[in-house]
Amino acid sequence: AHAAVKLSHGTASGPVPPAPSIISYLVFLNEKYEEDTEVPQIPIFRGLNFIGRNSISVSEKRLSRKHLTLTASPNGSASLVVEGNNPVVVNSGSNRKKLYSRENGTICDGDVIELIPGHYFFKYVTLGGDKNMPVSGSNNGRETGESDALSRKRLRQTCETDASEKNSKILDMEKKSKVEGSNKVTGSSLSKRDCNEEAIRQFHVSVDNLPLTFRLLSVQGLPQWANTSCVSIRDVIQGDILFAVLSNYMVDMDWLLAACPLLAKVPQVLVVHGEGDGTLDHMKRSKPASWILHKPPLPISFGTHHSKAMLLVYPRGVRIIVHTANLIHVDWNNKSQGLWMQDFPWKEPNKPSRGCAFENDLIDYLGALKWREFSVSLPALGSFTINSSFFKKFDYSNAEVRLIASVPGYHTGNNLKKWGHMKLRTALQECTFDREFKRSPLVYQFSSLGSLDEKWMAELAASMSSGLSEDKTPLGPGEPLIVWPSVEDVRCSLEGYAAGNAVPSPLKNVEKAFLKKYWAKWKASHTGRCRAMPHIKTYTRYNDQKLAWFLLTSANLSKAAWGALQKNNSQLMIRSYELGVLILPFKRRSSGFSCTTRKIVENNCESSENSKAQKVELVTLNWQRSSNTVSSSDEVIKLPVPYELPPQPYTSEDVPWSWDRKYYKKDVYGQVWPRQVQLYSNQNL
């Protein structure tokens, strides 16, 4: 529906100034970023202008009567201050910046304001500007010349007097880089950051390289560019599936079958879950008759089955998927999530083949789940007993990742280094990394915080800091930061406070004084996910935009998930099941094999641990090539790390989210917290 615009609005001087004082107009844009000529333009006068419900006649509770102020200057630019409780987005060229309540910014000719993120688009057009210029964010807008973009930046600098000290320093750097009469922007940190504001737009992965990286899940309500190369559940559960194992914590059977109807046609499905009795009863009633439900044993109190994976068996092989989303609607549509996938062929019958680390780790983990074995008949393949050993029938020699799993128990002896953070420590100790990662920092990013202490944090950091440099000396300890959403992030998110239900950490865990030095902001503008709250869990070691290694996992930051050493470090106690993939800077002879598309490939079944892996460089989407960043002989693999590196530490104004506090400042839907949140299709669960 159109936003009906009223021409009357407040000004600093009261009466409407005469026509010569009009500096610019706000022009309403439809969802396609096209000017809507049926809606009157809003004149902007020299001086102070109030924009809000007094300007736009809509029954929108998220819009305040004085939603924002624009102070227009004679040169056509205007300073903007957000007066309401909800954020405003300013689009300028490829830069999309969200401003929260009381934050300020500057707009220039051609910029687009989103009065509510994703809604009520207005283009700022000065009287001296070209009213037909391409709109920022449209296809034409992306083709605007570098000269125009630079001119717009320079004009904006004249009105940044109220910017924060940090922004002022950045602006000073950009001013120093300007060359009179030149169209060229030099490589300052600001210009690089502006260029990469929508970095995910350029993220494209070949089929052969898919196992070397991971992908983000698509998020509803984001601009199209933010979902570039992202996936939905139907993108990965596809083709002629003969048998499937679905591993997860929460399972909404009604949503799952509706979201992925193909699953109902799979002859046999094993669902390994972590649900309680109430939801389990509904799952039993609503599942297809041939589906089998299994909840793994939890021998130690307060443990969960938390692993999120899919094993899909096809006539040509098996697809292994490790991801971070519960099988519920909000996890696959509204949150920042990650997914890794690789297909593996059946082993050739009667041909001996050696196992590999990936196979050994997978079989050990599946065996720990202890499901009751059963038989299935696979068309054209025969009858099989489904247990952990069944999955030895596939050739994993080209696996591009290492599996890092946790299973509950008191692990000693040979099992001490088999699970949890000790498994990660062992895997990293086997690797040699570039010397630039010596004593480089760490990032822990997750969605639930356990009850921690400084001793255990040092224990975990010792594992995360493992590995050797090229000179065969240890990389040395890395200082970790915790990327965690603030209260304001949750309040202004796509879901409002409801998003905080999936960041379930109590105040007693979050408020511990020693954690203050670790907190860092969730900033994800380069992937368009600032408002898509993270349910993804990632751990990494980095230097600028290069990554030593990257772990995508179900494991939150807790002793239950990672394990805690006991008995003079001779025993590792783990409470929960977890599963993750460790991406390392090495590439095997991957064949690009696919279970769902036919492709003539070399048979690499003899590839083994003895085959030498090719070195690659792991980098973020914000990485930019220069002559001294990587070896010209190394292949570069981009990983869509959703948050910005290096992370920005919390300021004194940032409050880490905890879900058991009361929040009375209304969110983007006019709600306060706590409130009821629907997670399952059947709310009675």
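What's counted below: heavy atoms across the whole structure, side chains too, no hydrogens, waters or symmetry copies.
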Undergrad: Is there a donor-acceptor contact under 3.5 Å from the side chain of S290 to the main chain of P267?
TA: yes

Undergrad: Kindly write out the residues that satisfy salt bridge (Lys or Arg N to Asp or Glu O under 4.0 Å) with D343, not counting sequence neighbours, or none if the list is empty.
TA: R319

Undergrad: Go through the steps for S594 and T597 under the test side-chain hydrogen bond (donor to acceptor under 3.5 Å, both in side chains), then give the verdict.
TA: CA-CA 6 Å; S594 172; T597 58; 3.1 Å; yes

Undergrad: Can you tell me which residue among L582, I404, T538 is in a side chain to side chain contact (heavy atoms under 4.5 Å, CB included) with L552?
TA: T538

Undergrad: Checking salt bridge (charged side-chain N to carboxylate O under 4.0 Å, His left out) for the pair K423/E578: CA distance, chi angles, key distance, verdict?
TA: CA-CA 12 Å; K423 174 67 173 183; E578 307 286 356; over 6 Å; no

Undergrad: Would you mind reporting whether W291 and M253 have side-chain heavy atoms less than 4.5 Å apart?
TA: yes

Undergrad: Under the salt bridge (Lys or Arg N to Asp or Glu O under 4.0 Å) rule, collect the residues that match up with R575, sequence neighbours excluded.
TA: none

Undergrad: How would you list, by chain and number, every residue that makes a salt bridge (Lys or Arg N to Asp or Glu O under 4.0 Å) with K335, sequence neighbours excluded?
TA: E495

Undergrad: Under a 4.5 Å cut-off applied to non-hydrogen side-chain atoms, are W659 and S505 in contact?
TA: no

Undergrad: With a 3.5 Å cut-off and sequence neighbours excluded, list the donor-acceptor pairs that the side chains of residues 367-376 form with protein atoms.
TA:
| residue | atom | partner | partner atom | Å |
| --- | --- | --- | --- | --- |
| W371 | NE1 | I386 | O | 3.1 |
| E373 | OE1 | N387 | ND2 | 3.1 |

Undergrad: With salt bridge (charged side-chain N to carboxylate O under 4.0 Å, His left out) as the test, would you mind laying out the steps for K284 and E275 before giving the verdict?
TA: CA-CA 12 Å; K284 290 177 179 177; E275 292 285 13; over 6 Å; no

Undergrad: Given side-chain hydrogen bond (donor to acceptor under 3.5 Å, both in side chains), test Y444 with T540 step by step and report yes or no.
TA: CA-CA 7 Å; Y444 307 161; T540 189; over 6 Å; no

Undergrad: Looking only at side chains, do D254 and H282 share a donor and an acceptor under 3.5 Å apart?
TA: yes

Undergrad: Can you check whether L584 reaches L428 side chain to side chain, under 4.5 Å on heavy atoms?
TA: yes

Undergrad: Counting only heavy atoms not in Y249, do more than 12 sit closer than 6.0 Å to its OH atom?
TA: no

Undergrad: Got a sec: does the NZ of K287 have more than 12 other heavy atoms crowding it under 6.0 Å?
TA: yes

Undergrad: Using atom types as modelled and distance alone, determine if a side-chain donor or acceptor of D252 lies under 3.5 Å from a backbone N or O of I328.
TA: no

Undergrad: With sequence neighbours left out, what residues match N334 under side-chain hydrogen bond (donor to acceptor under 3.5 Å, both in side chains)?
TA: none

Undergrad: Suppose we screen for salt bridge (Lys or Arg N to Asp or Glu O under 4.0 Å). Which residues come up paired with K559, at least two apart in sequence or across chains?
TA: D453

